[in-house]
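First the structure, in the form of structure tokens, and then the observations on it.
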Protein chains: 2
Amino acid sequence: MSTIDRQAGMKKTMDFVKKTYKDQVIDYIYQLLLSNGLQPGDQVKESWLAQQMGISRAPIREAMKELMMNGLLDYRPQVGNFIPVLLPKQIVDCYTTRGILEGYAVMSVCDSFQAEELQRLDHYVDAMGSAAREQHHKRVVEIGGDFHDFMTNKNENVQLLEYTNRLSLKLHILFCRYWGRLYTPAEIEQRHRAIVAAIRSLDKDQIEKVVRQHYLETGTKIAALQEVSSDSAA
Amino acid sequence: MSTIDRQAGMKKTMDFVKKTYKDQVIDYIYQLLLSNGLQPGDQVKESWLAQQMGISRAPIREAMKELMMNGLLDYRPQVGNFIPVLLPKQIVDCYTTRGILEGYAVMSVCDSFQAEELQRLDHYVDAMGSAAREQHHKRVVEIGGDFHDFMTNKNENVQLLEYTNRLSLKLHILFCRYWGRLYTPAEIEQRHRAIVAAIRSLDKDQIEKVVRQHYLETGTKIAALQEVSSDSAA
DNA sequence: ACCCTGTCTAATGTCGACAATCGACCGACA
DNA sequence: TGTCGGTCGATTGTCGACATTAGACAGGGT
């Protein structure tokens, strides 16, 4: 039993450290996925996780349910949970759907962007370009996430944001391994600048079109990258 | 212990009767919601359900997790699960989001509709009008569901359909009590005919616009209906 | 009268054990 | 040799009990 480390120290900075085991399990699986400790097709066994973390299977199951509903685990009744293996078409579909949701999210609030907010978006794009040129892929993704959040979170449609964020997380977790192999620094800047430009134009059709197109292309690229890596594996 | 009725008869038509308790719990909660046995704001206690169904809390929790992830239960840690109480704006938001998803789902496959498929859609609309005029509200909803499925399921974007169907189910379960109070029979026919007409026109922008508008208006109406009913309750 | 505090209760969170079931393995038979 | 059927192991499904915690309630201090 290794419940020692919990509740021990760790009360300095945050008042709300992870409380329930369920949340810890979720973070642990995220970590495993992001570090390629778990790969597509792998079975994630409850008892294995329970042993790894020194807890019982109950909170593990709670966490797996949540991951499953967010598309981060494939569930086969009476068999187990597996890291999903997405066909190229399914990858493109996921990004397409993301484009639909985020395109609308941004479009429907484009009128409310203040000049300083648009500048802030510009700043994010600059920073992404710099980070990309310095090969700081992780930083690119972080800033990209901020850019994305800042744009979409102006919208107050909770249902829309729920789906948007779920899908965003899913794609982030499942395809992190292709970061940095998608676009050149110049392309990263140009693509995001096109989105900001569309917002500035206040042309709603154009905004949706640009965002959809962006994700369609990104999805297509990732699908292609996965295909070659699975070919080489076979 | 009332596990008698399980596995008893009921093997004629379906080979796959409900197997796990979890699925039975989900159906049971659906029933309770649809029959107003559970109302918005009510707490759904695990032990109560466990006693009601004669099973332990484990499968109940499995089911509640799923319902929660589908937006059919509000979860408050360490407190419990509640039937969601949606503010008018949130209702509109849900329908808006549904319009976005379904509008795209239909638009992106509009070219593939064959003449006979379009006729089938016409037939659904006719049938809905007839049922509505005969006050068969339940039948209207059933046919409406068929119409909806037939249109959207032509799309093969699994991610898109997943969200579409989740949201469709959520709205179906939560707002069933307003069926029949939304539109006149003539309006029902006219509104759905407009959608089919848009598909026939192959004008993609128009298709998305019509579907979005349809759900926006429906959501607005339901939000208004809920507001008056909650006013009268207060 | 108001608020702060300690207790108490009822609900969720977690546990270890047992049951049911899927899939792999292996041997018998055509 | 290939296929069918039974056995077996590993994994999920379910159970009842215990631990923990949010919220209600009462009592005392101001």
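Quick note on labels: first sequence line is chain A, next is B, and so on, each numbered from 1. For the numbers below, each heavy atom of this structure counts, side chains included, while hydrogens, waters and symmetry mates do not. Since the model is a prediction, treat every value here as computed from it, not as a measurement.
- Among dT12(D), dG13(C), dG23(C), the nucleotide with an atom closest to any side-chain atom of Glu46(B) is dG13(C).
- Evaluation of atom-type donor-acceptor distances gives a pair under 3.5 Å for the side chain of Arg57(A) against the base of dG13(D).
- When the P atom of dG13(C) is taken as reference, atom CD1 of Ile26(A) falls 12 Å away, rounded to whole Å.
- Of the side-chain N and O atoms in Tyr75(B), one or more sit less than 4.0 angstrom from OP1 or OP2 of dG13(C).
- Rounded to a whole Å, the CD atom of Gln51(B) is 14 Å from the C1' atom of dA10(C).
- Here the side chain of Gln43(A) is nearest to one of dT14(C), dG16(D), dT12(D), namely dT12(D).
- Counting non-hydrogen atoms under 4.0 angstrom, Arg61(A) reaches a base of the nucleic acid.
- Residue Gln24(A) contributes atom CD, which lies 13 Å from atom C1' of dT14(C) at whole-angstrom precision.
- Nucleotide dG13(D) holds its C1' atom 14 Å from the CD1 atom of Ile60(B), rounded to whole Å.
- Atom NZ of Lys22(B) and atom P of dT12(D) are 14 Å apart (whole Å).
- In Glu117(B), the CD atom is crowded: over 12 heavy atoms of neighbouring residues, nucleotides or ligands sit closer than 6.0 Å.
- For Pro59(B), the listed nucleotide lying nearest its side chain is dT14(D); candidates were dC15(C), dT14(D), dG13(D).
- Residue Glu62(B) is out of contact with every strand shown, counting any heavy-atom pair closer than 4.0 Å.
- For Arg76(B), counting side-chain heavy atoms from C-beta on, the closest listed nucleotide (dC15(D), dG13(C), dG23(D)) is dG23(D).
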Original post:
Could you go step by step and tell me if Arg61(A) and Glu62(B) meet the salt bridge (charged side-chain N to carboxylate O under 4.0 Å, His left out) rule?
Top reply: CA-CA 8 Å; Arg61(A) 299 188 112 244; Glu62(B) 303 286 314; 2.8 Å; yes
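- Of the candidates dC15(D), dT12(C), dC22(C), dC22(C) carries the atom nearest the Gln78(A) side chain, counting heavy atoms from C-beta on.
- Separating the CE atom of Met64(A) from the P atom of dT11(D) is a distance of 12 Å, rounded to the nearest angstrom.
- Proximity note for Ala58(B) (side chain, C-beta onward) versus dG13(D), dT21(D), dC15(D): the nearest is dC15(D).
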